[in-house]
Amino acid sequence: MQRQNWLITGVSTGLGRAFAQAALAAGHTVVGTVRSEEDLRAFEGLEPGYARGRILDVTDDHAVSDVITEVERGVGPLDVVIANAGYGLEGTFEETPLAEVRRQFEINVFGAVATLQAALPHMRRRRRGHLMAVTSMGGLMAVPGMSAYCGSKFALEGILEALGKEVAQFGIHVTAIEPGSFRTDWAGRSMTRAARTIDDYDELFDPIREARQKASGNQLGNPAKAGEAVVRIASVDQPPAHLLLGSDALRLVTTARTAVDEDIRAWEKLSRTTDFDEGAQL
């Protein structure tokens, strides 16, 4: 396998760390972004000389652009960029403060967009590269109590799908990585939880929150295997636009998409009634 230069945001823990470790094990150089000097030292200790840490807040657009530019000049042309930094926000729609919803989108959507936009001009000039972002199975299906999180991931899915169609002409690939439930801290200490304030949601939501907390640390997904899967698609000529990770993601997304298809079929006749008799077809 040809050596590549990777940049991955959010490599301190979780899937970001797993992706970085797998890429390092495959012989690639990985620039990983973290939020503290301690995390930077720990990351660079994984593979001295090949693991290169950078401190970065992905919500700082100028800093994101500066880091990408510096890495391109100092480390080398980036072959793979993964916008991974993000977090989960749990809470029913009505109970989640708007400020928390905005923060969720600021990091999960705009942080990813800033990262990919900063890397794209370099790849476009070279007519090659692979842009990826970690969405979630929650970007293709939704569950109660995760409206802000799923909304942010649905938004990112749409951006990535359109982006992929725009840059295919330049030899640039775009992949949405859609993990299911993995054995990381995502559902534990890393998750932000909106305060419960409305009793009407107790019967629905309390069991969901309790089950998620109990499952934390015993999830089905293996982060190391997720890392290997991502490294694999970075080495093929025609990588997928969507990469589901985990059997739970396959099951839940398939069920959700089937439900959408059933709605489309059931209401197809009504959908057709809104056309003019003549008009332009897209």
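Under the 4.5 Å side-chain heavy-atom criterion for grouping Ile, Leu, Val, Met, Phe, Trp and Tyr, V58 is connected to V31 within one hydrophobic cluster. Note on M146: it clusters hydrophobically with L244, by side-chain heavy-atom contacts below 4.5 Å among ILVMFWY residues. Each of I68 and V34 belongs to its own hydrophobic cluster when Ile, Leu, Val, Met, Phe, Trp and Tyr are linked at side-chain heavy-atom distances under 4.5 angstrom. At a threshold of 4.5 Å between side-chain heavy atoms, the hydrophobic network of Ile, Leu, Val, Met, Phe, Trp and Tyr places L156 and M132 in two separate groups. Both I172 and L116 belong to a single network of hydrophobic side chains, linked directly or stepwise wherever heavy atoms of I, L, V, M, F, W or Y lie under 4.5 Å apart.
Between H28 and W6, the two ring planes are parallel [angle under 30°; tilted spans 30° to 60°].
Taking the side chain as every heavy atom from C-beta outward, H130 and T175 approach each other to under 4.5 Å. In this structure, the side chains of V71 and R54 come closer than 4.5 Å at one or more pairs of heavy atoms. By the 4.5 Å heavy-atom criterion applied to side chains, V134 and F19 are counted as neighbours. A 4.5 Å side-chain heavy-atom check between I82 and I177 finds at least one atom pair inside the cut-off. In this structure, the side chains of V253 and E178 stay at 4.5 Å or more apart for every pair of heavy atoms. Two residues are said to be in side-chain contact when any heavy atoms from C-beta on lie closer than 4.5 Å; L78 and V81 meet this criterion. Between R52 and V75, some side-chain heavy-atom pair lies under the 4.5 Å cut-off. Looking only at side-chain heavy atoms (C-beta outward), T135 and L160 come within less than 4.5 Å of each other.
Between the OG atom in S147 and the CZ atom in F154 there is a gap of 11.5 Å [rounded to 0.5 Å]. Between the CD atom of E161 and the CG atom of L163 there is a distance of 11.0 Å, given to the nearest 0.5 Å. For the atom pair L56 CG and L40 CG, the distance stands at 11.5 Å (nearest 0.5 Å). Within the model, atoms CE of M191 and CD of E90 stand 5.5 Å from one another, a figure rounded to the nearest 0.5 Å. With values rounded to the nearest 0.5 angstrom, N108 atom CG is found 10.0 Å from R103 atom CZ. From F205, atom CZ reaches atom CD of E210 across 11.5 Å, with rounding to the nearest 0.5 Å.
Taking each heavy atom of A85 and T9 in turn, the nearest pair found is N-OG1, 2.9 Å. Across all non-hydrogen atoms, the minimal contact from M123 to D79 is CE-O, 3.7 Å. In this structure, R17 and V11 approach most closely via the heavy-atom pair NE-O, 2.8 Å. Residues A224 and A18 share a closest heavy-atom pair of N-CB, 4.4 Å. The shortest heavy-atom contact between P77 and N5 is O-ND2, 2.9 Å. Between Q4 and A234, the shortest heavy-atom contact is NE2-O, 3.3 Å.
Residues satisfying the side-chain contact (heavy atoms from CB on, under 4.5 Å) test with T13, not counting sequence neighbours, are R189. In terms of the side-chain contact (heavy atoms from CB on, under 4.5 Å) criterion, residue partners of E100 (sequence neighbours excluded) are, by chain and number, L89, T96, P97, T192, A194.
The pair R272-E268 meets the salt-bridge criterion, with a side-chain N (NZ, NE, NH1 or NH2) lying under 4.0 Å from an Asp/Glu carboxylate O.
In terms of modelled atom types and a separation under 3.5 Å, the side chain of Q169 and the main chain of E166 share a donor-acceptor contact. With hydrogens and angles ignored, the 3.5 Å screen pairs a side-chain donor or acceptor of D57 with a backbone N or O of T59. No donor-acceptor pair closer than 3.5 Å links the side chain of T115 to the backbone N or O of A83. Side chain of T69 to backbone of D66: no donor-acceptor contact under 3.5 angstrom is found. Remark: side-chain polar atoms of E44 are paired, donor with acceptor, to backbone N or O of G53 under 3.5 angstrom. Put simply, the side chain of T273 gets close to the backbone of L270: a donor and an acceptor are under 3.5 Å apart. For the pair R127 (side chain) and F170 (backbone), a donor-acceptor distance under 3.5 Å is absent. Between the side chain of S152 and the backbone N or O of Y149 there is at least one donor-acceptor pair closer than 3.5 Å. For the pair N84 (side chain) and I8 (backbone), a donor-acceptor distance under 3.5 Å is absent. Not one N or O on the side chain of E47 forms a donor-acceptor pair closer than 3.5 Å with the backbone of L24.
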Practice problem: Evaluate the side-chain contact (heavy atoms from CB on, under 4.5 Å) criterion for residues S247 and L220: first the C-alpha distance (whole Å), next the side-chain angles of each, then the deciding distance (0.1 Å), finally the verdict. | Solution: CA-CA 8 Å; S247 59; L220 184 64; 3.2 Å; yes

Quiz item: Going through the checks in order, is the side-chain contact (heavy atoms from CB on, under 4.5 Å) test met by H242 and E157?
Solution: CA-CA 9 Å; H242 300 273; E157 284 279 342; 3.3 Å; yes

Quiz item: Between N222 and R183, is a side-chain contact (heavy atoms from CB on, under 4.5 Å) present by the stated rule, with each step listed?
Solution: CA-CA 6 Å; N222 183 331; R183 203 168 294 183; over 6 Å; no

Self-check item: From CA spacing to verdict: side-chain contact (heavy atoms from CB on, under 4.5 Å), T255, M141
Solution: CA-CA 9 Å; T255 299; M141 50 78 69; over 6 Å; no

Exercise. Go through the steps to decide whether D202 and R196 satisfy the test salt bridge (Lys or Arg N to Asp or Glu O under 4.0 Å), and finish with yes or no.
Key: CA-CA 9 Å; D202 290 353; R196 294 300 323 283; 2.9 Å; yes

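For residues 248-263, no pair satisfies salt bridge (Lys or Arg N to Asp or Glu O under 4.0 Å), with sequence neighbours left out.
Around atom OH of Y87, more than 12 heavy atoms belonging to other residues, nucleotides or ligands sit under 6.0 Å away. Atom CD of E38 has 12 or fewer heavy atoms from other residues, nucleotides or ligands within 6.0 Å. Counting heavy atoms of neighbouring residues, nucleotides and ligands inside a 6.0 Å radius, atom CZ of R102 does not exceed 12 of them. Atom CZ of F105 has more than 12 neighbouring heavy atoms from other residues, nucleotides or ligands inside a 6.0 Å radius.
E95 and T92 share a donor-acceptor pair across their side chains, judged by distance under 3.5 Å alone.
For the pairing with P239, the side-chain contact (heavy atoms from CB on, under 4.5 Å) check across L243, V236, D237 returns one residue only, V236.
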